[in-house]
Amino acid sequence: MFLDIGGVLLSNGWGHTFRHQAAKKFNLDIPEMEERHGLMFVTFEEGKITLDEYLNLVVFYKPRDFTASAFRAFMFSLSTPFGEMIALVKKIKAQHKLKIVAVSNEARELNDFRINHFKLDEVIDFFVSSCYVTVRKPDVAIFNLALDVAHVAACEVVYIDDVQIFADVAAGLGIKSIRHADVVSTSKALADLGLHLD
């Protein structure tokens, strides 16, 4: 099983909702912040710049009345787990003896924090994260890399993602793909593929 992390197992790491919350909390200009983020986020998620470098360009390009450490702490505090979905994946992994592979777009420091804080390595066998492999969805290269590392054919994989176009890209490679909306519909879709729970 391949799956996304943000939007499936956890809240999104640094999506627009969280960016807007941070902008309001720290009294930042949202359009200005979004413009700068839009220019930097691919480089950031591909692990080509650090979180500090990203923040220097997106937030701290001029003097602020708060510290980078306070902003970082707030960023990290926004992540929350989707407990029912994590439990579902754990049960399916155990019952069907599946390898679980994360295929996700995420910046290194947030990715590392979320893996450690939420103990994702207890359910996920390995992480094909954009920050580690310097390529991100929707590039088919990240899915092909995951297939190579897992040493499986596309037809042997089911993929879960909350973003339809990412699920579509995977499906185009022959991977059975589920667009995740909620734990009930995803559980049913998995059962329809033979990954039911006793």
Notebook entry, point to check: Is a donor on one side and an acceptor on the other found under 3.5 Å between the side chain of D29 and the backbone of E32?
Noted result: yes
Margin query: Could you check, using the six-membered ring where one of them is a Trp, whether F66 and F60 have ring centers closer than 6.0 angstrom?
Written below: yes
Margin query: If I take atom CG from residue D4 and atom NZ from residue K137, how far apart are they, to the nearest 0.5 angstrom?
Written below: 3.5 Å
Check: Counting only N and O atoms by type, is there a donor-acceptor contact under 3.5 Å from the side chain of K176 to the main-chain atoms of C155?
Finding: yes
Next item on the list: Report yes if some heavy atom in the side chain of L28 is under 4.5 Å from a heavy atom in the side chain of F71; otherwise report no.
Entry: yes
Note to self: Donor-acceptor pair, distance only, cut-off 3.5 Å: does the side chain of T17 make one with the backbone of G15?
What the structure shows: no
Margin query: With rounding to the nearest 0.5 angstrom, report the NE2 to NE2 distance, H196 to H96.
Written below: 5.0 Å
Notebook entry, point to check: Would a 4.5 Å heavy-atom cut-off, applied to side chains only, mark Y132 and D112 as touching?
Noted result: yes
Next item on the list: State yes or no: do Y159 and I142 share one hydrophobic cluster built from I, L, V, M, F, W and Y residues joined by side-chain heavy-atom distances below 4.5 Å, directly or via other members?
Entry: yes
Notebook entry, point to check: Quick one: does S11's side chain have a donor or acceptor within less than 3.5 Å of a partner on T80's backbone?
Noted result: yes
Next item on the list: Measure from NZ or CZ of R36 to the centre of the six-membered ring of Y61, then state whether that distance is under 6.0 Å and the direction lies within 45° of the axis.
Entry: yes
Margin query: For the backbone of S130 and the side chain of E45, can you confirm whether one donor and one acceptor N or O come within less than 3.5 Å of each other?
Written below: no
